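Comments concern the structure below.
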Amino acid sequence: QVQLVESGGGSVQAGGSLRLSCAASGISYGTYLGYCVGWFRQIPGKEREGVGAIDYAGRTSYTDSVKGRFTISKDNAKNIHYLQMNSLKPEDTAVYYCAARRACFGPSTEVYEYNYWGQGTQVTVSS
């Protein structure tokens with residue numbers, strides 16, 4: 001069973017940066033290389049939305065509101081993915097989740113396609 005743990009959340013002022021990490025366990029390194037990993041966020045009372053994703057080949061996709069500010073990467077030596085968030089805005093405030101899926105055909109950010117989820121980490125951006 002794949003387990004995901006996010007870290008790196010916190011509070012920052014508008015214009016600042018944070019880097020979130022997503023560490024996977026319970027799966028071999030070679031197998032996890034073939035997974036897609038996505039980042040999502042959720043505000044209380046709203047649906048979870050996709051922020052961006054990365055596939056096994058390193059291709060990425062991002063939602064329009066974060067393009068040019070957020071970057072997803074992975075550590076090819078470990079089962080760890082990152083979400084680098086720059087130029088943060090108050091509207092980026094949310095609980096951020098990472099997720100992984102076995103059937104990886106591209107960097108999709110559709111919530112229903114993901115099999116495994118982390119517990120989430122809070123990001124708060126103040127104006």
Side-chain angles (χ1 to χ4, degrees):
Q1 181 79 354
V2 178
Q3 295 181 329
L4 303 176
V5 178
E6 302 98 336
S7 60
S11 297
V12 65
Q13 290 191 328
S17 298
L18 284 173
R19 188 178 78 160
L20 305 184
S21 299
C22 175
S25 61
I27 186 169
S28 69
Y29 169 71
T31 300
Y32 196 61
L33 278 178
Y35 278 48
C36 279
V37 171
W39 286 93
F40 300 82
R41 62 188 180 187
Q42 190 169 22
I43 301 170
K46 292 197 173 183
E47 291 188 355
R48 192 168 297 185
E49 68 165 349
V51 173
I54 187 168
D55 71 4
Y56 61 90
R59 292 179 292 242
T60 56
S61 68
Y62 301 94
T63 192
D64 286 345
S65 62
V66 308
K67 282 180 181 176
R69 300 188 299 122
F70 290 12
T71 303
I72 296 172
S73 62
K74 58 182 178 177
D75 186 331
N76 286 320
K78 303 176 184 178
N79 287 351
I80 300 177
H81 288 75
Y82 302 99
L83 177 65
Q84 177 67 45
M85 305 185 293
N86 298 329
S87 302
L88 283 161
K89 305 175 181 179
E91 51 264 43
D92 294 320
T93 295
V95 177
Y96 283 72
Y97 300 87
C98 67
R101 61 189 179 104
R102 295 183 300 271
C104 181
F105 304 109
S108 168
T109 53
E110 294 290 343
V111 172
Y112 71 90
E113 293 183 352
Y114 285 81
N115 311 108
Y116 306 102
W117 291 83
Q119 82 288 349
T121 185
Q122 177 71 45
V123 171
T124 302
V125 184
S126 58
S127 57

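In what follows, residues are counted from 1 in the order of the sequence shown. Nothing here was measured: the structure is a model prediction, and the numbers come from that model.
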#### Entry: Residues Asp64, Lys67: salt bridge by 4.0 Å N-O rule
yes
## Note on the structure
So CG of Leu20 and NE2 of His81: to nearest 0.5 Å the spacing works out to 13.5 Å
### Over all atoms of both residues, closest heavy-atom pair of Gly34 and Cys104
O-CB, 3.4 Å
### Message
Distance check, rounded to the nearest 0.5 Å: Cys22 atom SG versus Asp75 atom CG?
### Response
12.5 Å
## Note on the structure
Rounding to 0.5 Å, atoms CG (Asp55) and NZ (Lys74) come to a distance of 7.0 Å
### Task
Output the distance between atom CD1 (Ile27) and atom OH (Tyr116), rounded to the nearest 0.5 Å.
7.0 Å
### Task
Evaluate the side chain to side chain contact (heavy atoms under 4.5 Å, CB included) criterion for residues Val37 and Tyr32: first the C-alpha distance (whole Å), next the side-chain angles of each, then the deciding distance (0.1 Å), finally the verdict.
CA-CA 10 Å; Val37 171; Tyr32 196 61; 3.3 Å; yes
### Task
Please work out whether the ring planes of Phe40 and Trp117 are parallel, tilted or perpendicular, with thresholds of 30° and 60°.
tilted
### Query
Is Gln13 atom CD crowded by more than 12 heavy atoms from other residues, nucleotides or ligands, each under 6.0 Å away?
no
### Query
Do you know which two heavy atoms are closest between Ser126 and Pro90, and how far apart they sit?
C-CG, 4.5 Å
### Task
Check the hydrophobic clustering (I, L, V, M, F, W, Y; side-chain heavy atoms under 4.5 Å; chains of links allowed) and say if Ile54 and Tyr96 are grouped together.
yes
### Task
Looking only at non-hydrogen atoms, find the nearest pair between Thr124 and Gln122 and report the distance.
OG1-NE2, 3.3 Å
### Query
Do the non-hydrogen side-chain atoms of Met85 and Val66 ever get within less than 4.5 Å of each other?
no
### Query
Can the ring centres of Trp39 and Phe70 be said to be less than 6.0 Å apart?
no
### Message
What's the separation between atom CD in Glu6 and atom CG in Leu83, rounded to the nearest 0.5 Å?
### Response
10.5 Å
### Query
Hey, is the main chain of Val125 close enough, under 3.5 Å, to the side chain of Thr93 for a donor-acceptor pair?
yes
### Message
Does any part of the side chain of Ser108, heavy atoms only, come nearer than 4.5 Å to the side chain of Arg101, both counted from C-beta?
### Response
yes
### Query
Does a side-chain heavy-atom distance below 4.5 Å link Tyr97 with Val111?
no
### Message
Is there a side-chain contact between Leu18 and Leu88 in this structure, where contact means two heavy atoms from C-beta onward sitting under 4.5 Å apart?
### Response
yes
## Note on the structure
The reported gap from CD1 in Ile80 to SG in Cys98 (rounded to nearest 0.5 angstrom) is 11.0 Å
### Query
Just by modelled atom types, is the Arg69 backbone N or O under 3.5 Å from a matching donor or acceptor in the Ser87 side chain?
no
### Message
Would you say that Tyr62 contacts Thr71 through its side chain, given a criterion of any heavy-atom pair below 4.5 Å between the two side chains?
### Response
yes
### Task
Give a yes or no on whether Ile72 and Leu4 share a hydrophobic cluster (residues Ile, Leu, Val, Met, Phe, Trp, Tyr; joining criterion: side-chain heavy atoms under 4.5 Å apart).
yes
### Task
I would like to know whether Phe105 and Cys36 meet side chain to side chain contact (heavy atoms under 4.5 Å, CB included); could you show each step before the answer?
CA-CA 8 Å; Phe105 304 109; Cys36 279; over 6 Å; no
